[in-house]
Every structure is written in C-alpha cells, then in structure tokens.
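Read the structure below first, then the notes.
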Amino acid sequence: MSKQIIVPFGPQHPVLPEPIHLDLVLEDERVVEAIPSIGYVHRGLEKLVEKRDYKDYVFISERICGICSFIHGATYCQGVEQIMGIEIPRRAEFLRAIWSEYSRMHSHLLWLGCFADGMGYENLFMNCWKVREKILDVLERTTGGRVIQGVNRVGGVSRDMDAAELKRILSEIPSLRDDFTELTRIFDEDLTVQTRTKGIGILPKDKAWDLGAVGPVIRGSGHAVDVRSTGYGAYDELDFKPVVRDEADCYARCMVRAEELFTSLDLIENAIDRIPAGDIMVPVKGNPSGEYYARAEQPRGEVIHYVKANGKKNLARHRVRTPTLANVPALVQMLAGCELADVPVIVLTIDPCIGCMER
Amino acid sequence: MKQPQQTIETIAVEDLINRVHSFHDDGYRLVQISCAAEGEAFEVTYSFDKDLTLTHLRIPASPDKPIPSISRIYLASFVYENEIADLFGIPFTGIAIDYKGTFIRTSIPHPFGSSQISVVKKKPEGQHE
Amino acid sequence: MSYLQKSPWIIHYDASSCNGCDIEVLACLTPLYDVERFGILNTGNPKHADIFVITGGVNEINKEVVQNIYEQMPHPKVVVAVGICACSGGVFRECYNISGGVATVIPVDVYVPGCAARPESIIDGIVQALGILEQKRHAMNAGVEGTV
C-alpha cells in the first residue's frame, strides 16, 4: 500500500465562489476519505430572531443566501402565517410561485455556468450567465431587486403584477425556451462535458436515501423527492411532475437541473394561466404563538424553516435546515474513491451554497 | 393551500435509539435534527420523512446530560449533531465523525447555549460613521 | 497611464457574505457587464492580484484567511469592500460571529454600498480603485515610507 497524504482543498479555491474546506486523504491520485470543515460563512443570524420584530425578520431570512433568497423569505413567511392561522390571498400564493420559479431558473443557470467553468469550459459559462441576465431582468422589473427581491411579507407579498406585465412575461417565455434548449443540448451532447461527468461521483440509490440527500442530488439517484409535490402554496393547482434520473452520477445531477429549467417555464405559464384576481396582502395583527416546521423546495432541494414563538413580537427560535447541509454526507460518500482531479467537479454537483449551509 | 397540522411526539432519551431504529427499518429518510431552548432547558427534535409526510420525535436535553448519537443508524446525523454540540453545548456520545467542537467555530463558545450574551462592537479604525 | 492600470487583476474572496454580492461580482465578468473589456481579469492567486475585492462582514475564522490573502498580495494593492456587510456589517452587524466590516481586519480603500451591490456600482468602485492603485504606485516608486 502506498503512503497516505492529506491534501487541503479550500477555503480559497479557484472553482469555489464560496469558502469551504476539505481535507482530502489521498493514496496516490485516489481520494480515500474526504473530511469537510465548515464555518467560514457562519454569521449566527438565527440568533437575530430574538432581537428583531418577527415581521422585520423576513428581510433577514431573505439574506440567509443571495441565490435562494426569495424562497427563504417565502418559506419563513409560510411558517409564521401557519402558526398565526393567517390565510393569505390566493393571488399572493400564485405570485410567490412565479417568483420562486424565476429564482429557481436563475439559480440553475448560475450553477450550470459555474459547473462549466469548473470543467474549464469558459465559453459555456459565459453563455449560461448571458441567458441568466434575462431572468434577472424579469425579477428586477417585477420586484425591484436583481438578486434580493424583498417582496415577501408576513401576510402576502408587497408587489403585484398587472395584466400587461403577465402578458409580457408570457410573450418572453418562448425565446427563453429556445435558449434553454440550446444550452441543454451542449450539456447533453458535448464530449467535454460527458467525459468529465459520466460515471463519476456515483451516489447509489439506497445510499442517497440513507444519507438524507435532497433536491437534484437525490432526484439524480432515482428518488422522486420534491416538496413541490406536496402542493404547498399555489403548487396544488399547478401541473407539476418532478424530474428524476437514474444514472446517479455527476451527469444525472447536471441533467436534472437542466431539465428543471423547462419545468419552471411550464409552471410559470401554468400559474399565469390560472392566477386569480384579488388582494395580494392581508393585514396582520397580534403576535404569533406556537411552532411549525415549514418546508419548501429550493433550487438545491428541500428547505426546512422551523419557527417557534411564544406570543412576543420576537420569535423564540428560528432554525433553517438548508439543502446543502443535508447534502454534505452525500458529498462525503461521492468523494470516497474518486480521483483528485475530479474533486472540483464532484463538489460542484451538489451545488454547494455555503451561505445557506452555515447561516 | 392550508398546510397540514404537525404532531410532535415527546419521548424519553432512553427510548431514542430504539425508536430511530424502527424509523430506519420502516424506510424513513432523516430530514433534520433541530434544537431549541424550552425555558431553562432544551429540546432536540428529530424529523423523518416518508411519502412526503413529516414525522417528529422530541427529547428533552440539557448541557450536562449527553445524548446518544444516532449516526450509527443514520450516518447523515453527524452534521446536525456536531452543529448542536457546537452551538448549544449539548454533548453527544458516539458520533461517527466527531469534530469535537470544531465543526462550526464561533467567536464565543455555544452562542445559543446561554441567554446572557452581550456582543460589543468596536468601531474600526479610520472608518467614519 | 501605466500598464498596471490598463490591466489590473482582481482576486475575489467571500468573507461570510450571503452570496448576493458574490454572484454580482461574478456577473460583472460575464457578457452583459464584461469588465474584461477594461483588461480586468479575475484570478485565483493572491500573488497575481492588484485589487482585492472582498464581500461579507468577516466572521471569526475568516479574519485570518483575509489577512493571509492580503499579505500575500504584492505592492501596490488596493482593497474594495463590496456590499453593505463588507462596509459595516449591514444587517448582520449584531450577529455574534461577525466582526463588523472588512475595515476591522485590513485597511479598505473603496467602499461599495448596496444590498446586494449592483454590478454597475461594483464596476464603478473598481474603476475608482484604479486611480488609487496608480497613486500608490507613484508613492511606492518615489520611495514614500510605509508604501512597500
């Protein structure tokens, strides 16, 4: 047996937009074990819930992460609305679903780009981000913010979209679909992508379940786990079918995300078709009391917002279990046995969002 | 749509391992482990998922009473257990990958552990407010 | 105009930011904003870099990493703090693990506020940093004390 050496990976590393550190135990070129160490982005924002009004805290929960920001805000509101027994207007739920799908597309395109960059395919990276700007334009036009939207409120949303805007969004969808088809085709057929992803970073079906993976990671290993199937918010009225692949490798996880771009477009068309007229916010009085585990599907997988209140204007506890934290054990499993040169690609396929993970 | 009500079952620490074993045998997925202060003491909640329905188990906890780790049953629990150990100061015994307090390194030990924390911010040199 | 100013290289580090500003920094490099037309290149190596673009309020274990990267950069160098968290700690100022801005750890030359900072203002900040970089270079060549 050859000698074992430990190679540190991160926290500052060219393929990582965010800091995470891995200790890779190597035998020659092969990784025997990977031990993640985190904490570079831990801010302790869950503690702030004890200092801020529960209504103001929506803005902090949106800043857990700048990529999945909208869905964080919406899920926190969902939890508080549940314990206060508030029924928000149906139109607000539809608007939340539309914005959620837009932020999912922006996140997936961002990831596809970073993934291409991680493989050294810079041209593809630039193209993904070029298309992503179109999504950000819609988000900015309808909410005022490119990456942090700030439209969620306890009791609804603060901005409406008028009929002309909804029509405009619908008219833009076909060209987006063309862009997505073009991008997906490259990921699906290009030799560079295939040699870097196929058969690499295997996460067997039973292991994926056992290790509690979520999102595209578990769906790429053949489990149809998508919280949108539970029909939270407006999703009960939309035609949703989760994207599942069976290959269980980096390629499968990549294609799940690519195919979900189309699911999101379908859901938006669906939602605009069925959005009811009416108010977008209900007045909220009093303070919450009780506890609830609110869950939603983020671009990276299932997120749990635990809120606990005891009748004061500050909540007693807010706890977020983000998808990246749940995917870390799966990452450790994928890395064992891979080659050192594949580590960046495998790390990227769980779509690590460290800001979320450590809060 | 109105969300379903959630039930949380409180059990004794001694029953934890057996109950989690039966969840594992029934094919549940471990969703999360969370901790919250309850009066002077703490409570640790384990959530499991099957067919997209959440089931919760809750045990009482305190910093001077170690909790047996479930990482021999669900390996994934090591991230949550290390996190709770670091943030709340509640010890776990037998974690499969035990970071021994270095998983999340904070400026003050166990920030969620005691309610008496005051953070003093110094003005940085040369910065105008 | 010196060659340095025509093609400054930047290094970006996320010091406990929420990602919002980081993805906007990355967006600056991509086709819509395309700072590479100014000769600005993103590098992963501190020893290649002239401008340190840093986001986030700097938490406990990042202090050392930030200082380390800063010290590895060659003179002259400028630091651009992007986003309100990097400027002052922002909404996270009261968090127990946040030191409250990059200036608590290393000297900052340009502050770019915003949550998240827009690509336009980030580019503006970097262009201002170029002027400061040039001044520092002159001071260094003239042998002013404390610049090397």
Side-chain angles (χ1 to χ4, degrees), chain A residues 33 35-40 42 44 46-47 50 78-79 81-82 85 87 90 93 207-214 218 223-227 229-237 291-295 302 304 306 308 316-322 325-330 332-333 357-359, chain B residues 1-8 24 27-39 42-45 47-56 58 71 73-80 82-84 86-88 96-99 101-108 111-113 115 117 119:
Chain A
E33 199 187 359
I35 303 157
S37 95
I38 65 169
Y40 295 93
H42 179 72
E46 286 173 355
K47 195 81 185 163
E50 296 164 16
Q78 230 170 284
E81 285 152 8
Q82 179 72 22
E87 197 146 343
R90 199 67 185 138
E93 290 193 318
K207 284 277 186 194
W209 185 265
D210 227 32
L211 291 170
V214 293
I218 197 167
H223 294 281
V225 176
D226 192 314
V227 186
S229 314
T230 64
Y232 68 88
Y235 287 100
D236 55 338
E237 247 182 83
E291 58 181 330
Y292 195 72
Y293 288 87
R295 63 204 295 231
E302 169 196 52
I304 309 273
Y306 170 62
K308 177 177 174 178
R317 174 95 168 105
H318 171 235
R319 200 261 179 190
V320 199
R321 199 285 272 129
T322 53
L325 189 63
N327 280 332
V328 165
V332 173
Q333 162 78 27
M357 175 160 102
E358 301 171 5
R359 308 168 307 277
Chain B
M1 195 188 80
K2 210 80 181 108
Q3 296 288 308
Q5 288 298 322
Q6 289 172 344
T7 49
I8 299 167
H24 185 258
Y28 280 82
R29 175 171 63 94
L30 176 71
V31 173
Q32 62 112 24
I33 306 173
S34 71
C35 183
E38 178 60 46
F42 298 94
E43 53 189 25
V44 176
T45 313
S47 310
F48 302 90
D49 165 283
K50 193 182 180 184
D51 303 326
L52 293 168
T53 312
L54 284 183
T55 316
H56 307 279
R58 175 165 289 171
S71 55
I73 311 165
Y74 287 101
L75 176 67
S77 72
F78 81 88
V79 286
Y80 310 115
N82 278 301
E83 187 182 279
I84 293 171
D86 289 358
L87 296 183
F88 289 84
I97 306 174
D98 195 343
Y99 285 80
T102 59
F103 191 59
I104 293 182
R105 284 159 282 178
T106 50
S107 55
I108 43 172
F112 288 82
S115 51
I117 296 176
V119 180

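All chains are named by letter (A, B, ...) in the order of the sequence lines, taking the proteins before the strands, and each is independently numbered beginning at 1.
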Exercise for the section: State whether a side-chain donor-acceptor pair under 3.5 Å links B:Ser47 with A:Tyr306. Expected result: no
Practice task
Below 4.5 Å from any heavy atom of chain B, which atoms of A:Ala213 appear? Answer side chain, backbone, both or neither.
Solution key: backbone
Handout entry: Full working for side-chain contact (heavy atoms from CB on, under 4.5 Å) between A:Tyr293 and B:Val31
Key = CA-CA 11 Å; A:Tyr293 288 87; B:Val31 173; over 6 Å; no
Handout entry: Check: B:Glu38 main-chain N/O paired with A:Arg317 side-chain donor or acceptor under 3.5 Å
Key = no
Exercise for the section: Heavy-atom distances under 4.5 Å only: say whether A:Glu46 touches chain B with side chain, backbone, both or neither. Expected result: both
Exercise for the section: Below 4.5 Å from any heavy atom of chain A, which atoms of B:Leu87 appear? Answer side chain, backbone, both or neither. Expected result: side chain
Practice task
Just do the side-chain contact (heavy atoms from CB on, under 4.5 Å) check on B:His24 and A:Asp210 with the steps written out, would you?
Solution key: CA-CA 8 Å; B:His24 185 258; A:Asp210 227 32; 3.0 Å; yes
Handout entry: Sole residue of A:Val332, A:Asn327, A:Val328 in side chain to side chain contact (heavy atoms under 4.5 Å, CB included) with B:Val79
Key = A:Val328
Exercise for the section: May I ask you to decide whether A:Glu291 forms a salt bridge with B:Arg58, counting only side-chain N to carboxylate O separations under 4.0 Å? Expected result: yes
Practice task
Sort B:Leu30 into side chain, backbone, both or neither according to what part of it lies under 4.5 angstrom from a heavy atom of chain A.
Solution key: backbone
Exercise for the section: Could you tell me which portion of A:Leu211 (side chain, backbone, both or neither) has an atom closer than 4.5 angstrom to a non-hydrogen atom of chain B? Expected result: both
Handout entry: Leading residue by heavy atom contact count with chain B [cutoff under 4.5 Å; candidates A:Ile304, A:Ile218, A:Leu325]
Key = A:Leu325
Exercise for the section: Flag the one option from B:His56, B:Arg29, B:Gln32 with the top tally of heavy-atom pairs under 4.5 Å to chain A. Expected result: B:Arg29
Handout entry: Chi angles and distances behind the side-chain contact (heavy atoms from CB on, under 4.5 Å) call for B:Glu83, A:Arg319
Key = CA-CA 12 Å; B:Glu83 187 182 279; A:Arg319 200 261 179 190; 2.7 Å; yes
Exercise for the section: For each of B:Ala37, B:Ser77, B:Ser34, tally heavy-atom pairs with chain A at distances under 4.5 Å, and name the one with the top tally. Expected result: B:Ser34
Problem - Residue B:Asp49 versus chain A: region with a heavy atom under 4.5 Å - result: both
Fill in the blank from the handout: Applying a strict 4.5 Å limit to non-hydrogen atoms, the region of B:Phe78 in contact with chain A is side chain
Practice task
Find the one option among A:Ala294, A:Pro329, A:Ala224 whose heavy-atom pairs under 4.5 Å with chain B are most numerous.
Solution key: A:Pro329
Handout entry: Segment of A:Ala326 engaging chain B (4.5 angstrom heavy-atom cut-off)
Key = both
Practice task
Go through the steps to decide whether A:Lys308 and B:Glu43 satisfy the test side-chain contact (heavy atoms from CB on, under 4.5 Å), and finish with yes or no.
Solution key: CA-CA 12 Å; A:Lys308 177 177 174 178; B:Glu43 53 189 25; 3.1 Å; yes
